[in-house]
Protein chains: 2
Amino acid sequence: MTEAGKSPKERDPEAVSRFVELFAGRLTDAGMARMPARVFAALLASDDGVLTSAQLGDQLRVSPAAVSGAVRYLSQTHLVSREREPGSRRERYRVHSDQWYEAVTNREALLRHWQSALREGVTAVGAGSPAERRLRETLEFFEFIEVELTDMMRRWREKREAAAGR
Amino acid sequence: MTEAGKSPKERDPEAVSRFVELFAGRLTDAGMARMPARVFAALLASDDGVLTSAQLGDQLRVSPAAVSGAVRYLSQTHLVSREREPGSRRERYRVHSDQWYEAVTNREALLRHWQSALREGVTAVGAGSPAERRLRETLEFFEFIEVELTDMMRRWREKREAAAGR
DNA sequence: CCTTAACTTCACAACTTTTTGAAGAAAGCG
DNA sequence: CGCTTTCTTCAAAAAGTTGTGAAGTTAAGG
């Protein structure tokens, strides 16, 4: 019934599903766990950027437990937010428009950890050694990246704002 | 014998080992497999940035097979190069000074994969939908990042050259 | 309040990845 | 040439991760 005579069909569920799995695979390559990656990709490709737990389980063919685990991770990392539909016990999960901004910003915490590990290394190998020089240079690189990343995200924000107010 | 009266001891093997494992942990968090991460960290902290297979296995307490697998991966990704000591069957592995430069550059291939996945998504969800707008914006973000990353690495290279010729 | 839908938690099973030991191949050295 | 050291490969064991079913918790709706 839904298949019949509706002009060129805009949304091809099979193609969307292929995209979801493909993009989730790329996210997995980049280090995200599989299930969170699949859930995130599904939300990204959903019409309104909002899906219920049941819809997610249904589309991805996984148990409610798997969805639960994935969205817990995703909301902890601020990649999706949960909302309660008033007058219902269904929970809805939403992707944000500033998701990537958030994701990159979170990387900065990771960078700090690397820097602190390197500082320990610098003292451990002893002053004046080639190893010390190497570790210092590495530390410098990370410090450079941190500053650059901040600038970069500022430029992205400005660019977004310019496009929005156009 | 080696322990006795040598002024303030420069290199504390135990502290170095702690650093190696700590830093390897950070690399693992970032998605690198454990053994390559440990080998890379050990090389980074080594005196000359060069170690033999035996030295690596010894320091990390793993079998030659594990070292072999790790260095194969690391040399494929250009983070480490192998060199044969002339007149010996020992292989030596070396970290490069431009290691991080290489690592970031390699990320750009990954970015391209993301972009191509997103382009598939844009056609799959159908024209004019909110999903299409969302995916296009995401694609734009990745394109932005790719350009910025290139610029950033150019600036790092220039900074390095300036420091070298000082 | 009791019923029931919806989500969560947890122990365990299925699956993946990692590391190993053992056998094999390459290459210096006598 | 053949012995020996060193690295590599491969099957299999060990370790780690992920997803499930079942039981438990929470809160809406009668």
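Treat the numbers as computed from the prediction; the structure is a model and nothing was measured. The chains referred to below are lettered A, B, ... by the order of the sequence lines, with proteins before strands, and numbering in each begins at 1.
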Using whole Å, report how far [atom1] of [X] lies from [atom2] of [N].
{"X": "B:Gln55", "N": "D:dC7", "atom1": "CD", "atom2": "P", "answer": "10 Å"}
{"X": "A:Leu56", "N": "D:dT20", "atom1": "CG", "atom2": "P", "answer": "13 Å"}
{"X": "B:Asp58", "N": "D:dC7", "atom1": "CG", "atom2": "P", "answer": "13 Å"}
{"X": "B:Arg84", "N": "C:dA27", "atom1": "CZ", "atom2": "C1'", "answer": "7 Å"}
{"X": "B:Arg90", "N": "D:dT6", "atom1": "CZ", "atom2": "C1'", "answer": "8 Å"}
{"X": "A:Arg82", "N": "D:dT26", "atom1": "CZ", "atom2": "C1'", "answer": "13 Å"}
{"X": "B:Leu51", "N": "D:dT6", "atom1": "CG", "atom2": "P", "answer": "16 Å"}
{"X": "A:Met35", "N": "C:dT16", "atom1": "CE", "atom2": "P", "answer": "13 Å"}

**Q.** Phosphate-side-chain proximity, A:Arg72 and C:dT8, N/O vs OP1/OP2 below 4.0 Å
**A.**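 Answer no for this pair, as no side-chain N or O of A:Arg72 is under 4.0 Å from OP1 or OP2.
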**Prompt:** Under 4.0 Å: is that the gap between some side-chain N or O of A:Arg38 and OP1 or OP2 of D:dG19?
**Reply:**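 Checking A:Arg38 against D:dG19: no side-chain N or O falls below 4.0 Å of OP1 or OP2.
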Note to self: Is there, by distance only and without an angle test, a donor paired with an acceptor across the side chain of B:Arg89 and the base of D:dT4 below 3.5 Å?
What the structure shows: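 Result: at least one qualifying N/O pair found.
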| query | For A:Leu44, does its backbone N or O pair with a side-chain atom of B:Arg134 as donor and acceptor, under 3.5 Å? | reply |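 Flag set: sc B:Arg134 to bb A:Leu44 pair under 3.5 Å.
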Verify, without hydrogens or angle tests, whether A:Arg90 (side chain) and A:Ser53 (backbone) share a donor-acceptor contact under 3.5 angstrom.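 Pair absent, no side-chain N/O of A:Arg90 close to backbone of A:Ser53.
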Heavy atoms of other groups near A:Arg160 CZ, more than 12 under 6.0 Å: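 More than 12 heavy atoms, drawn from other residues, nucleotides or ligands, come within 6.0 Å of this atom.
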What's [X] touching, base or sugar-phosphate or nothing? Going by heavy atoms closer than 4.0 Å.
{"X": "A:Ser68", "answer": "base"}
{"X": "A:Arg92", "answer": "nothing"}
{"X": "B:Val62", "answer": "sugar-phosphate"}

Kindly point out which of [options] is positioned nearest to the side chain of [X]?
{"X": "B:Arg34", "options": "C:dA27, D:dG16, C:dC7", "answer": "D:dG16"}
{"X": "B:Ala33", "options": "C:dT19, C:dT8, C:dT18", "answer": "C:dT18"}
{"X": "B:Tyr93", "options": "C:dG21, D:dT8, D:dT20", "answer": "D:dT8"}

Worksheet item: Would you call B:Arg133 and B:Glu137 a salt bridge, using N to O less than 4.0 angstrom?
Response: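 No, this pair does not count.
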Discussion item. Quick test of your reading of the model: are B:Arg136 and B:Glu132 salt-bridged, counting only N-O distances below 4.0 Å?
Written reply: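 Salt bridge: yes.
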Review point. Starting at the 5' end of DNA chain D, which residue's closest nucleotide do you reach first, B:Thr52 or A:Ala66?
Key: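 It is B:Thr52, whose closest nucleotide lies nearer the 5' terminus.
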- prompt: When you match A:Ser88 and A:Ala65 each to their closest nucleotide on DNA chain C, which lands nearer the 5' end?
  reply: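 Residue closer to the 5' terminus by nearest nucleotide: A:Ser88.
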